[in-house]
Structure formats: C-alpha cells, structure tokens
Trainee: 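Here it is: the structure, laid out below.
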Amino acid sequence: MPEVVFSVDQAMSMRDQKVPGHNRWHPDIPPAVTVKPGTEFRVECRDWTDNQIGNNDSANDVRDVDLTHAHMLSGPIAVEGAEPGDLLVVDILDLGPVPQSVGEGSGQGWGYTGVFARDNGGGFLTDRFPDSYKAVWDFHGQQATSRHLPGVRYTGITHPGLFGTAPSAELLARWNAREQALIDTDPHRVPALALPPLADNALCGTATGERAARIAAEGARTVPARENGGNHDIKNFTRGSRVFYPVLVPGALLSGGDLHFSQGDGEITFCGAIEMGGFIDLHVDLIKGGMEKYGVTTNPIFMPGNVAPQYSEFISFVGISVDHDTDTNHYLDATMAYRNACLNAVDYLTTFGYSGEQAYLLLGSAPIEGRISGVVDIPNACCTLYLPTAIFDFDIRPTAEGPRKADRGQCAVTS
C-alpha cells in the first residue's frame with residue numbers, strides 16, 4: 001500500500017482531523033504535505049457533506065443538508081518543483097470505499113444518492129422533481145444494490161468527483177467577478193445561478209487568524225468545475241486514468257475528494273452519484289512548461305482509464321431542444337435536449353412500476369451513457385441517454401406483451 005500522506009478518521013468531522021482539509025478554493029491555503037515528482041501515495045477522503053446524510057429511510061437529511069460545508073477536500077498536496085505554467089500529471093492507481101469498514105458514515109459499506117430540493121441546490125430535472133428524495137446503496141465488492149430501488153444491481157465505475165489545483169490570486173478574482181455578474185442577472189432566482197464566496201462554515205486547512213479570515217471571505221465555493229479542474233464529475237475518471245492539470249501557483253497545491261462508487265453521465269440529481277468516503281491512490285509527475293507546450297490555458301486534459309463494466313446492450317432515449325410543455329423550439333440547446341432524453345427515460349421506467357423519483361435516482365447513479373448526438377441540424381440539438389439493460393433483473397425491452405409492471409417499493413422521501 002502506498003504511504004498515506006493525508007489521513008482521515010471517519011469517526012470525526014473533517015474539521016476535527018489532526019490535519020484538517022478545506023472546502024474553498026484559494027491560493028493561500030497552506031499545503032498539508034509536500035511530495036516529490038514520481039511519488040506514489042494514498043489520500044483518504046471524507047464524504048463530501050462531512051457525513052450529514054445517514055443510512056436510513058428518510059430524505060429529511062437530504063432536504064436539510066447544509067451546503068455551506070461542501071465539499072470536504074483532502075489536501076492541499078504540494079508537488080516539489082511545480083511552477084506556474086507546468087502541467088501536473090496525476091495518475092489514478094486505485095480507489096474505493098473505506099477499506100474493510102462497516103459503520104455509520106458513507107463509504108463504510110454503503111453510499112447514497114440524493115435528489116436535492118429546488119430551494120437547496122435543485123437538480124437537472126428540478127422542475128419535474130422539486131422535492132428531496134434518497135436511495136441508500138449497499139456495496140457488494142464492485143456491485144451495488146438498493147432497498148429503495150429493487151430489481152437493480154450493477155457494477156459501478158468508482159471515481160473521484162472532484163480534484164484540482166489551486167487557482168492563482170488573479171484567476172480566483174476573475175472567478176468571483178464573473179460568477180457574481182451572472183448572479184446579478186437574476187439575484188433572487190431559486191435555485192441560485194451561482195454561489196458567491198461565503199465565510200459561514202468555511203474550512204481553510206491549517207490556516208489561522210487573519211489568513212484564515214481572508215481565505216473564508218475570498219475563497220471560491222467548490223460546486224462547479226472551473227479552469228483548475230474542480231468538480232468535474234466525470235464517471236470514467238477511474239483506475240488507470242491520467243489527468244494533466246494546469247499549475248497555477250508554486251507547488252500546484254492539488255486537492256480533491258467527493259468520491260463516487262458509481263454515477264451516470266451528468267450526475268443529474270446534483271447529488272446523483274453514489275456518494276461515499278474512502279481512499280484514492282495517486283502518482284504525480286510534472287511536464288515543465290507544459291501549459292505553453294500543449295496550448296493548455298483554461299482546462300485540464302483527461303485520459304480515461306480502461307476499467308469499466310462490460311455492458312453490451314442498451315436502450316437509448318432521444319431528446320431534442322423543444323420545450324414540449326409549451327411547444328417552444330429552442331435553437332441547438334443541448335442542455336434542453338439532454339433534459340428531455342432524461343425525462344423520456346424516466347417516463348419509460350415508470351411503466352414498469354418505478355415511481356418517477358426512483359427512476360430519477362437510478363439515472364443519476366447507474367453507469368448510463370449520455371451523448372451529444374447532433375448540434376448542427378438546425379434548429380434541434382439531439383442528445384441521447386443509453387441505459388444498460390443488464391442492470392435490471394427483469395426484461396425492460398419493449399415487447400408486444402407490454403411492460404412487466406410490478407410493485408417496486410419506494411425511495412426515501414421527506415416527511
């Protein structure tokens with residue numbers, strides 16, 4: 001096993017760890033550890049909400065989750081010799097739930113998928129599903145089952161939802177300015193258009209005093225992906241993957257967490273993956289001057305690993321950029337097209353006895369494939385959602401006999 005360079009006691013809040021992590025992006029968060037290029041090491045991770053969600057049959061905890069704590073990141077990890085303009089090469093060697101552990105925290109033998117309420121973050125389909133729901137999943141090696149979604153069993157593509165390097169002070173200021181400008185276009189929108197810096201519940205690593213106060217006041221929230229990587233939620237970012245991150249500050253200051261046992265493309269419920277705490281083993285190296293050499297200015301580069309479940313048969317649902325409720329055409333709107341593909345899949349699954357909420361939770365967590373299939377045929381963008389048939393213990397293919405409707409139980413709901 002590689003050396004553990006960032007350890008987490010899963011019985012304690014991230015705030016109470018011997019070396020706490022952080023939940024804001026800022027260049028002045030002190031490194032928790034320094035490693036050399038070529039090093040292999042292990043990072044232990046806390047559940048992204050700091051374990052606010054429980055293994056129970058109520059979604060009240062999802063409804064009431066305090067997102068000012070998110071995300072609980074392990075790090076920062078400084079890489080010796082890394083300078084702005086370099087590329088940080090990060091290989092994922094291994095990752096998984098908390099090893100050999102059963103307990104109350106996600107990752108200790110179980111994980112969860114949640115639908116966030118419209119007034120607390122919302123989700124991709126929040127207009128159809130404005131309330132909170134939850135499914136708890138039990139881990140069986142590489143597979144997951146849920147008492148809240150009977151008839152389903154699948155192999156997850158385990159991956160981190162969030163990793164990235166620290167922004168420079170100049171880039172951080174640009175993030176905050178442009179996101180505030182977006183908020184100002186509709187400041188009372190629910191859910192909000194973006195999340196500005198917020199000192200409440202900010203965790204600043206080992207920073208103290210005036211430094212911690214400044215980080216809390218200026219630090220960027222970790223919800224979206226940005227130029228440094230961040231919360232990209234790429235389900236194929238798994239064992240064997242390699243990522244080239246831009247180095248924006250001395251030492252690179254790599255941080256991450258938000259581990260997922262499984263996820264569908266888009267993580268459409270917002271808390272759509274199977275969330276968990278756990279571990280990740282990494283190898284790091286540097287390409288000196290790599291940003292200029294390869295034209296990298298606003299993005300990481302990602303090479304997916306070759307580890308994935310071998311599903312060979314899918315049902316595909318098509319969506320186009322039309323608002324069917326108002327019969328309004330939108331011009332090449334891929335977001336609307338993918339939303340319609342998701343809604344078409346939800347409606348299909350309800351014919352087999354699942355509630356719409358159960359279907360929504362399934363599509364967020366199962367290894368579905370989401371694809372942009374056409375963005376040139378005006379006026380309609382076309383997106384598709386590929387649902388593996390083998391994850392069900394009954395036949396979901398259309399037949400002349402009609403769907404095999406049955407009592408499929410229910411997901412966890414709010415009281």
Side-chain angles (χ1 to χ4, degrees), residues 2-6 19-43 45 71-92 160 162-178 197 202-222 224-232 242-257 280 282-302:
E3 178 189 2
V4 178
V5 300
F6 192 97
V19 178
H22 62 101
N23 61 2
R24 302 290 190 269
W25 288 119
H26 198 285
D28 293 340
I29 297 173
V33 65
T34 299
V35 301
K36 294 180 181 293
T39 302
E40 296 181 1
F41 55 88
R42 173 167 292 190
V43 174
C45 300
H71 293 79
M72 289 296 167
L73 304 185
S74 297
I77 299 163
V79 179
E80 192 174 294
E83 300 172 307
D86 296 344
L87 285 177
L88 178 66
V89 185
V90 178
D91 293 304
I92 298 181
L162 196 164
F163 257 87
T165 51
S168 65
E170 184 270 338
L171 181 57
L172 174 63
R174 283 168 47 204
W175 289 353
N176 289 337
R178 76 190 185 198
L203 181 59
C204 307
T206 58
T208 58
E210 182 180 331
R211 186 181 195 179
R214 179 165 43 80
I215 292 169
E218 299 172 353
R221 307 284 289 278
T222 59
R226 297 186 180 93
E227 289 91 335
N228 68 325
N231 195 24
H232 32 44
R242 171 171 285 185
V243 186
F244 303 84
Y245 286 113
V247 175
L248 306 165
V249 298
L253 301 185
L254 178 71
S255 301
I280 183 166
L282 302 172
H283 168 271
V284 295
D285 214 329
L286 292 171
I287 298 177
K288 300 300 293 181
M291 290 180 66
E292 183 178 358
K293 288 177 181 177
Y294 290 102
V296 174
T297 57
T298 60
N299 62 288
I301 300 171
F302 165 70

Trainee: What's the verdict on side-chain contact (heavy atoms from CB on, under 4.5 Å) for Phe163 and Val243, showing C-alpha distance, side-chain angles and the deciding distance?
Mentor: CA-CA 10 Å; Phe163 257 87; Val243 186; over 6 Å; no
Trainee: If you look only at distance, which donor and acceptor atoms sit under 3.5 Å apart when one is on a side chain in residues 246-255 and the other is two or more places apart or in another chain?
Mentor:
{"unit_1": "Ser255", "atom_1": "OG", "unit_2": "His22", "atom_2": "NE2", "d": "2.8"}

Trainee: Just verifying a value: how many Å separate Tyr294 OH and Phe244 CZ, rounded to the nearest 0.5 Å?
Mentor: 8.0 Å
Trainee: Distance from Ser168 atom OG to Trp175 atom CH2, nearest 0.5 Å?
Mentor: 8.0 Å
Trainee: What side chain to side chain donor-acceptor pair (under 3.5 Å) pairs are there with at least one residue in residues 25-43, not counting sequence neighbours?
Mentor: His26-Glu218, Asp28-Arg214, Lys36-Glu80, Arg42-Asp281
Trainee: Can you see which heavy atom on Ala207 is nearest to which on Ile215, and at what distance?
Mentor: CB-CD1, 3.8 Å
Trainee: Which pair of heavy atoms, one from Gly205 and one from Pro20, lies closest together, and at what distance?
Mentor: O-CG, 3.4 Å
Trainee: Looking only at heavy atoms, what is the nearest atom pair of Ala212 and Cys204, with distance?
Mentor: O-SG, 3.6 Å
Trainee: Would you please name every residue forming a ring pair (Phe, Tyr, Trp, His ring centres under 6.0 Å) with His283, sequence neighbours left out?
Mentor: none
Trainee: Would you say that more than 12 heavy atoms from the other residues, nucleotides or ligands in this model lie under 6.0 Å from the CD of Glu210, or not?
Mentor: no
Trainee: Measure the spacing between OG1 of Thr222 and CZ of Arg24 and express it to the nearest 0.5 Å.
Mentor: 7.0 Å
Trainee: Quick check: do Asn23 and Met72 have side-chain heavy atoms less than 4.5 Å from each other?
Mentor: yes
Trainee: Would a distance-only check, ignoring hydrogens and angles, find a side-chain to backbone donor-acceptor pair under 3.5 Å from Lys288 to Ala82?
Mentor: no
Trainee: For the residue pair Phe41 and Ile77, establish whether any side-chain heavy-atom pair is separated by less than 4.5 Å.
Mentor: yes
Trainee: Should Val296 and Ile301 count as side-chain neighbours, where that means a heavy-atom distance under 4.5 Å?
Mentor: yes
Trainee: Between the side chain of Asn231 and the main-chain N/O of Ala225, is any donor-acceptor distance below 3.5 Å?
Mentor: no
Trainee: Within this structure, what is the CG-CE distance for the pair Leu88 and Met291, rounded to the nearest 0.5 Å?
Mentor: 11.5 Å
Trainee: Indicate yes or no: at least one non-hydrogen side-chain atom of Pro27 is less than 4.5 angstrom from one of Leu172.
Mentor: yes
Trainee: To the nearest 0.5 Å, tell me how far Arg211 CZ sits from Thr206 OG1.
Mentor: 7.0 Å
Trainee: How far apart are the closest heavy atoms of Arg221 and Pro224, and which atoms are they?
Mentor: O-CD, 3.9 Å
Trainee: If I compare all heavy atoms of Pro300 with all of Tyr245, which pair ends up nearest, and what's the gap?
Mentor: CB-CD2, 3.8 Å
Trainee: On a heavy-atom basis, which atom in Gly219 and which in Pro197 lie closest, and how many Å separate them?
Mentor: O-CB, 3.5 Å
Trainee: Please round to the nearest 0.5 Å and tell me the distance separating atom CG of Asp86 and atom CG of Leu286.
Mentor: 5.5 Å
Trainee: Would you indicate whether the side-chain heavy atoms of Leu171 and Glu227 approach each other to under 4.5 Å?
Mentor: yes
